[in-house]
Amino acid sequence: CTMGLPEIVHEENALLAHDGTGLAEALLRAFTDPQLAKRLGENGRRTYERYFSPRTAGAYVVGELERIAHGKKG
């Protein structure tokens, strides 16, 4: 359930669940599995830097706003 964010991958760079119970179970696994916690941290940071950092996402937003301001179609 990434809600339109294909960059988010369960147990690779995030913990996802369909409900609160599932999320609590996933969090418990991360707390008790050091390898999972490390992987989530490292991959989560890489994903953030690549897709969501202000430099990356901001550049995309500015580009789209400039395109709109100049009346160009996407």
Side-chain angles (χ1 to χ4, degrees):
C1 167
T2 62
M3 304 193 93
L5 295 171
E7 302 85 3
I8 305 301
V9 179
H10 179 61
E11 293 190 359
E12 283 300 315
N13 57 19
L15 293 174
L16 305 173
H18 293 286
D19 58 26
T21 300
L23 185 56
E25 290 169 354
L27 287 170
L28 281 173
R29 280 198 49 234
F31 283 127
T32 59
D33 182 342
Q35 290 178 326
L36 175 60
K38 182 178 181 184
R39 182 173 67 241
L40 288 169
E42 291 172 351
N43 292 341
R45 185 63 189 187
R46 273 195 287 278
T47 300
Y48 168 78
E49 293 293 337
R50 183 170 181 194
Y51 298 105
F52 303 109
S53 70
R55 181 174 40 135
T56 303
Y60 174 79
V61 171
V62 167
E64 285 298 299
L65 290 173
E66 288 175 345
R67 182 187 62 77
I68 292 167
H70 292 101
K72 296 178 183 174
K73 295 189 180 206

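Atoms considered below: every heavy atom in the structure, side chains included; atoms not considered: hydrogens, waters and symmetry mates.
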What I'd like to find out is whether the side chain of T56 reaches to under 4.5 Å of the side chain of R50, using heavy atoms alone. no
Is there a path from V61 to I68 through hydrophobic residues (I, L, V, M, F, W, Y) whose side chains come within less than 4.5 Å of each other? no
Mind checking what makes side chain to side chain contact (heavy atoms under 4.5 Å, CB included) contact with Q35, not counting sequence neighbours? D33
Does T47 form a side chain to side chain contact (heavy atoms under 4.5 Å, CB included) with F52? I'd like the steps, not just the answer. CA-CA 7 Å; T47 300; F52 303 109; 4.0 Å; yes
Residues that E7 engages under side chain to side chain donor-acceptor pair (under 3.5 Å), provided they are two or more places apart: none
Straight-line distance of L40 CG to L15 CG, nearest 0.5 Å: 4.5 Å
For P54 and Y48, work out which heavy atoms get closest and say how close. CD-OH, 3.1 Å
Heavy atoms only: give me the nearest G22-A17 pair and the separation to one decimal. C-CB, 3.4 Å
So which heavy atom on A37 is nearest to which on A30, and how close? CB-O, 3.5 Å
Would you list the pairs meeting salt bridge (Lys or Arg N to Asp or Glu O under 4.0 Å) in which at least one residue belongs to residues 37-47, sequence neighbours left out? E12-R39, K38-E42, R45-E49
Please name the pair of heavy atoms, one in A14 and one in I8, separated by the smallest distance, quoted to 0.1 Å. CB-CG2, 3.5 Å
Does L27 reach the side chain of L23, with side-chain heavy atoms less than 4.5 Å apart? yes
Find the distance between CG (L36) and CZ (F31) and round it off to the nearest 0.5 Å. 11.0 Å
